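Structure first, then comments.
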Number of protein chains: 2
Amino acid sequence: MNRRATIKDIAEQAGVSAKTVSRVMNDEPYVRDDIRERVKRVAAALDYHPNRNAQGLISSRTFLIGLTYERPSPSYVVDLQRGALERLAGERYRLVVLPFADAREDPAGLVALLRSAMVDGALLAPPSCDIPEVLDALDNSGIRYARITPGTMLERGSCALLDERAAGRAIAEHLVQLGHRRFGVILGHPGHAATSARLAGYRDAFAAAGIAPDDIRIERGDFTFHSGEAAAHRLLARTDRPTAILAQNDDMGAAALSVARALGLAVPDAVSIAGFDDADIARLCWPQLTTVEQPVAAIAADATDRLLKQLEGGELAAAITHPHRVIVRGSTGPAA
Amino acid sequence: MNRRATIKDIAEQAGVSAKTVSRVMNDEPYVRDDIRERVKRVAAALDYHPNRNAQGLISSRTFLIGLTYERPSPSYVVDLQRGALERLAGERYRLVVLPFADAREDPAGLVALLRSAMVDGALLAPPSCDIPEVLDALDNSGIRYARITPGTMLERGSCALLDERAAGRAIAEHLVQLGHRRFGVILGHPGHAATSARLAGYRDAFAAAGIAPDDIRIERGDFTFHSGEAAAHRLLARTDRPTAILAQNDDMGAAALSVARALGLAVPDAVSIAGFDDADIARLCWPQLTTVEQPVAAIAADATDRLLKQLEGGELAAAITHPHRVIVRGSTGPAA
DNA sequence: AGCAATGGTGACAACGCTGTCAGATTTGGC
DNA sequence: GCCAAATCTGACAGCGTTGTCACCATTGCT
């Protein structure tokens, strides 16, 4: 077990000063080509890795990016991480995961977590990306951040955007086109901006089709399978039940599927069910769930890209809206 | 946007030396109680967070723990992370996620990743925890590690253990007790130690029940839903099909469920299906999947604990084996 | 009173690296 | 061949923290 090689070790072996080695390592000019070569060879031979603590101490950076989120579904978390890591590959930055229980109740706690983790920048997933106190505190403490699919204050910080409302409208239009006129909606967690944005999208589609508010029954959920079961039960156990259900994520859509089966309602013949997100579960349940795909990994990569640009002192580029895509599967069909 | 407070700032405001502040921050003795109090108050007022770069530079540490794994299911990844983070809460260490594509093909690449991330220690999930080259290289570079449910070389490093074989035997015995005598097995990825250990456990149960090898049909899979579908199809499309299928994880078990449904075979009346892991999907499919729960988060926390003990210079405690638990749900029933 | 042991405090250096600056060497223009 | 400009090189300081060590103050003991 050898001590890690330092610049000093390389300098001695190569017969140059530490500063020259440093110049070579950072691809700075003003080093003769032959010396540059020699230093590189020695560094490779010693398997040199720069000490980021020392680099960070000087530049007051840590080369750490914190990813914060609040117990969403596992596949969403993994997609976020995958997207961020894709962009970070080959960079000096590393990804630290910092899930936080409830940022809305304790915004200061989230920021304290980020500060004590000493991250240079933070990737904020919903719902923390929509909490003004969090953004204020981050601005104050000089921690850069990028917001992943925020629903409000779109002008603050750099954002990777999704048009949740348009996506909601798209999936609702799919059902309207199949002839459905009586709808059930299962909402997501009330604290998420996506919940109201997706609902607004549904309503856009309903209004355009001339569907009366009386024909729309809305139930609350919180994005969990369990909450979806309860809400689906309330929707489907009535005699004037809807012919189509819009669930605001796939876990709740799958739950609605399971409730329909338990009640003896064939899907999609008796009732159509659509989800949201195109999570793994949408392909694993039966019938497979019609849903809207949001390119989560690409968004996370975009947010990471924006964050890196900020950390390198670049300008904030204009936000772009990532496209959604309706994926029609077996759980939706023509109205009876 | 304020500069972060340093020890020097606190020292000036509290009218003491930097060293005394340091002593207070690290709960060292030899500071008068009133001074200790005063320093703590000033530190809190300035919202002081120690600079881990500086701390790390001195102690040649980074207070970073790397978690490595190789695209397992999202819920497994999240459980690992949750367990590790639970143990890390309140510690100075932070968790860096380092998924790596194929450690078996490129062990040196994985170690290079860990070295360049400058982690103090690594948590190795399967299959990298079973690759001797990886362990050798880590030993050589002085990166401590803890192995999460290794299947081989149990004497190397510190391990958080699972008795995969006993768990395999337990779930197989459940089916034997239901009267099944003709079995299909869907194996996991051939590179994982768990694959052969679980199979050995199945065989223990079969041998104890006097079931002939001819009545056991084994198909290969790789832990993905897709591979499970193909394997299940090969098992169920035959006339002498098994009355019970043992899938080595829940994704493949759910796939078998879906194939059975497509072939018009009622579960569990015509065929019983058991999974492994108690992943989310086991509760989300229909009928819900009988499976074996492995306490993944607790194991990850245990591994993290062992790693921290090593990093703090403690002794290696004896490994303990974490208990499995058979969870009987609707997908298994008496043999026809 | 005298002296050791203990408690309490701070000056200083060092961790590995890079910014600053001064100085040495080479190049190019006349 | 001479001077300015460009190219190259290294000594030194300092980032924020802690280990080492020296020192002063107090206590408890002959």
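First the proteins, then the strands, lettered A, B, ... as listed; each starts at 1. Because the structure is a prediction, the values reported are computed rather than measured.
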> Is A:R23 side chain donor-acceptor paired with the D:dG10 base, going by distance under 3.5 Å alone?
Replying inline: yes

Next item on the list: Check whether any side-chain nitrogen or oxygen of A:Q55 sits under 4.0 Å from OP1 or OP2 of C:dG16, and answer yes or no.
Entry: no

Taken to the nearest whole Å, CD1/A:I58 to P/D:dG16 is 11 Å

Closest of D:dT17, C:dT9, C:dG19 to the B:V31 side chain is C:dT9

Assert: residue with more 5' nearest nucleotide on DNA chain C, out of B:S60 and B:V16, is B:V16

Per atom distances to the A:S17 side chain, the nearest of D:dG10, C:dT9, D:dT17 is D:dG10

From CG of B:N53 across to C1' of D:dT18 the rounded distance in Å is 15 Å

Original post:
Would you say the side-chain atoms of B:S158 and B:Q310 include a donor-acceptor pair closer than 3.5 Å?
Top reply: yes

Separation of D:dT18 atom P from B:I10 atom CD1, nearest Å, is 11 Å

The residue, A:S22 or B:G15, whose nearest nucleotide of DNA chain C is more 5′ is B:G15

In whole angstroms, the gap separating P of C:dC17 from NE2 of A:H49 amounts to 12 Å

**Prompt:** Using a cut-off of less than 4.0 Å, is there contact between a side-chain N or O of A:Y48 and OP1 or OP2 of C:dG16?
**Reply:** no

message: What's B:P50 touching, base or sugar-phosphate or nothing? Going by heavy atoms closer than 4.0 Å.
response: sugar-phosphate

- Item | B:I65 side chain near B:L311 side chain, heavy-atom distance below 4.5 Å | yes

Rounded to whole Å, the CE-P distance (B:M118 to C:dG16) equals 10 Å

**Study point:** Residue pair B:L161 / B:I320, side-chain heavy-atom distance below 4.5 Å
**Key:** no

When rounded to whole Å, the CD1 to P distance for the pair A:I7 and D:dA11 reads 14 Å

Rounded to whole Å, the OH-P distance (B:Y30 to D:dG19) equals 15 Å

**Report entry** Touch class at under 4.0 angstrom, heavy-atom based, for B:N26 against every strand present
**Finding:** sugar-phosphate

To the nearest angstrom, the NZ-C1' distance between B:K19 and D:dA22 comes to 14 Å

| said: Check this for me: does the side-chain of B:K8 come within 3.5 Å of the base of D:dG16 through a donor and an acceptor? | reply: no

Side-chain atoms of A:T6 come closest, of D:dG19, C:dC15, C:dC17, to C:dC17

Quiz item: Salt bridge between A:R147 and A:D130, side-chain N to carboxylate O under 4.0 Å?
Solution: yes

Exercise. Taking only N and O in the side chain of A:T20, is any of them less than 4.0 Å away from OP1 or OP2 of D:dG10?
Worked result: yes

When you compare the side chains of B:D139 and B:Y145, does any donor N or O come within less than 3.5 Å of an acceptor on the partner? yes

